[in-house]
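Please read through the structure below; I'll follow up with questions.
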Amino acid sequence: MAEDKKQAEAAEAVEAKVQAPVQDPQEFLENFNWTKYEQGIEQVDDAKLQEFEQLVAENFVDTMDEEVVQGTVVYLTDREAIIDINAKSEGVISLNEFRYNPDLKVGDKVEVLIDIREDKSGQLVLSHRKARTIMAWDRVNAAHDKEEIVNGFVKCRTKGGMIVDVFGIEAFLPGSQIDVKPIRDYDQYVGKTMEFKVVKINHEFKNVVVSHKALIEADIEEQKKEIIGQLEKGQVLEGVVKNITSYGVFIDLGGVDGLVHITDLSWSRINHPNEVVELDQKLNVVILDFDDNKSRIQLGLKQLEKHPWEALSDEIKIGDKVKGKVVVIADYGAFIEVAEGVEGLIHVSEMSWSTHLRSAQDFVKVGDEVEAVVLTMDRDDRKMSLGIKQMTPDPWTDITTKYPVASKHTGIVRNFTNFGVFVELEEGIDGLIYISDLSWTKKIKHPSEFVTVGDKLEVEVLELDVEGRKLSLGHKQTTENPWDKYETEFALDTTHTGTIGEVVDKGATIDFNEDIQAFVPTRHLEKEDGSKLGKGDSAEFKIIEFNKEFKRVVASHTAIFKAEEQRNVKAAVKKAAAQADEAKPTLGDANEALQALKDKMEGKTK
């Protein structure tokens, strides 16, 4: 068949050649199509070729998978939109993907993603939702890189902030990035379209963080510079309460914050600033001070009012009685508000005539209404000192009558020191008992060994110093000194029976009674047989030393039998001497014998 066709074509060519007019050879060569002769195709004009390439570039779509292109809505049904992307077929997209755009119509341009070039039925599969997501991320990244302002729709509130729709992406708006001032009601922003700045993108987790605060900070910074440049001390400005703390109130002066310290809110003492101001309240404040770069501004509110001391009556003077309320208590005293914003100090020493140490809490508490006497007043320095004890007579006025020397009284133990006990005889009258005047017999190292605070104690006035307001008391003086009796009972060389108590390095102790404890030196513990007394042994002891002043008693067991030996020796010596005297010649006899011998020698005879 192919061979027959070729033969037919050759025959037609021959016939045409026979019928064709004779042509000039030169003209034939010039018009001969060498390209068709060499390549077998007609040569296309360059202009037409360029036109064709331009049409291809403008209209042809390379339908690569996962590529975003622009299409045109060519037809709408109840459920779908038919999109033309200049491919060999149109694509179909569900209208659900255009719910955000209920006004979609034929001819609208939309971005679509070529999901699949041909499905099993040869249909081009497109997605508008995926295209929007990809385009949104590109726009979000571009906005972040170029620091552009974007519009977003606040969808709902979430923990710590809001969810904002930006280009179809759900971005997070932290609560701290909503405004420059703290926001207490987040719900007021839900459903609003606002301007934002993309501040952070996490590509790994596809998270976007936006800020509305960042947009207004630049404007505020300009306003702040302008306001700061005009600040002067003493200037009065209107501000809004931005934040309340326990130590003061922050005021927004229009982009610049200043602090009103709690002490500058009111001339009267307050416990917390919310007693004076509330959030978002507008008020006038005065500039008190600021640092060199005006970054810290100190404001005042009470300074806009007249100082209460200036309104204080001129009739109040030293010695007058005033009434007031206790507003503050310290260890050293209490502050009394005698008029609004005017306080006086009652020092703890002016609360009682008593001289022993006590704190202000022992006398008053916050909120008490008290009456006091004005002791000092300085209107220039705005200081006043008051006294409560002056409301009652000074108990030391008739002290010599009430507490003469040698008088006996009952007091209450109020305090200890290392050297004695303070006893209160009555409110304002205290006396000191030195530790040596507590007991006649006990050796006390610290007063707490003898009494406790609050005990009642019998005392005797030993000394009275009216000018120095001092009383010297004694407790042991209220009873007889047992050592006066012991001085006779335990005199030197008296003998007593006792039991060894404690054995110490240099001897042992013996308790003769509850008051007398004698000491026995080691060498005086030796018994007659040469052994020594031990703990718990009973024996007789001789007093070899008694000192009433220092309450010292020294005894000895050895001295008992040593004294007996000495007595026996003395008796034996005396007896031997007597016997010797009886046996030897007398002096008279000796003289007679000598005289007889002399006479004999001289030849004399009687």
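These numbers come from a predicted model, not from an experiment.
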L473 and its side chain to side chain contact (heavy atoms under 4.5 Å, CB included) partner, picked from D430, I433, L432: I433
What residue among V342, I318, D378 forms side chain to side chain contact (heavy atoms under 4.5 Å, CB included) with M384?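 Among V342, I318, D378, the one meeting side chain to side chain contact (heavy atoms under 4.5 Å, CB included) with M384 is V342.
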Hey, is CG on D78 packed in by over 12 heavy atoms from elsewhere, all under 6.0 Å?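 Atom CG in D78 is not packed in, count stays at 12 or less.
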Residue pair S359 / V348: nearest heavy atoms and the distance that separates them: C-CG2, 3.8 Å
Shortest non-hydrogen contact between G341 and S268, atoms and distance: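 Minimum heavy-atom contact is N-OG, 3.3 Å.
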Taking 4.0 angstrom as the limit, do E424 and R414 come out as a salt bridge? yes
D368/K325 ion pair, N-O < 4.0 Å: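 A salt bridge is absent here (no side-chain N lies under 4.0 Å from a carboxylate O).
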CZ/F416: more than 12 non-hydrogen atoms of other groups inside 6.0 Å: yes
side-chain contact (heavy atoms from CB on, under 4.5 Å) evaluation trace for L464 with I399: CA-CA 9 Å; L464 176 59; I399 189 70; 3.8 Å; yes
Cationic tip of R296 above F290 ring, under 6.0 Å, 45° of axis: no
Got a donor-acceptor contact below 3.5 angstrom from the Q188 side chain to the D185 backbone?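 At least one qualifying donor-acceptor pair exists.
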Backbone N/O of E278 and side chain of Q281: donor-acceptor pair under 3.5 Å: yes
Looking at E147, I want to see if its CD is surrounded by more than 12 non-hydrogen atoms of other residues, nucleotides or ligands under 6.0 Å. no
Count the heavy atoms belonging to other residues, nucleotides or ligands that lie under 6.0 Å from CG of N271, then report whether that count exceeds 12.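 Open.
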Determine yes or no for a side-chain-to-main-chain donor-acceptor pair under 3.5 angstrom, with D145 supplying the side chain and A142 the backbone.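 Judged by distance alone, no pair lies under 3.5 Å.
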As a quick check of understanding, evaluate side-chain contact (heavy atoms from CB on, under 4.5 Å) for K323 and V370, giving each step before the final call. CA-CA 6 Å; K323 291 183 179 180; V370 298; over 6 Å; no
Can you label the angle between the H212 ring and the F196 ring as parallel, tilted or perpendicular, going by 30° and 60°?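 Geometry flag for F196 against H212: perpendicular rings.
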Would you please say whether a donor-acceptor pair under 3.5 Å links the side chains of T397 and D394?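 Checked: T397/D394 side chains show no N/O donor-acceptor pair below 3.5 Å.
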Check: D264 side chain, V260 main-chain N or O, donor-acceptor pair, under 3.5 Å: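 Such a contact is absent between D264 side chain and V260 backbone.
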Distance-only polar pair, side chains of T72 and K109, donor-acceptor under 3.5 Å: yes
Salt-bridge contact E343-R269 (side-chain N to carboxylate O under 4.0 Å):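 A salt bridge links E343 with R269.
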Give a yes or no on whether a salt bridge exists between K402 and E426, defined as a side-chain N under 4.0 angstrom from a carboxylate O.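 Yes.
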Is the side chain of Q361 donor-acceptor paired with the backbone N or O of K365 at a distance under 3.5 Å, no angle test?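 Flag not set: sc Q361 to bb K365 has no pair under 3.5 Å.
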Can you establish whether the number of heavy atoms outside Y75 located under 6.0 Å from its atom OH is more than 12?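 Not buried by this count: 12 neighbours or fewer within 6.0 Å.
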Go through the side-chain N and O atoms of E427 and S352 and say whether any donor and acceptor fall under 3.5 Å apart. yes
Apply the test ring pair (Phe, Tyr, Trp, His ring centres under 6.0 Å) to residues Y403 and H409: give CA-CA distance (whole Å), side-chain angles for both, the deciding distance (0.1 Å), then the verdict. CA-CA 8 Å; Y403 302 101; H409 309 275; 4.7 Å; yes
Looking at every heavy atom in both L76 and L104, which two are closest together, and how far apart are they? CD1-O, 3.6 Å
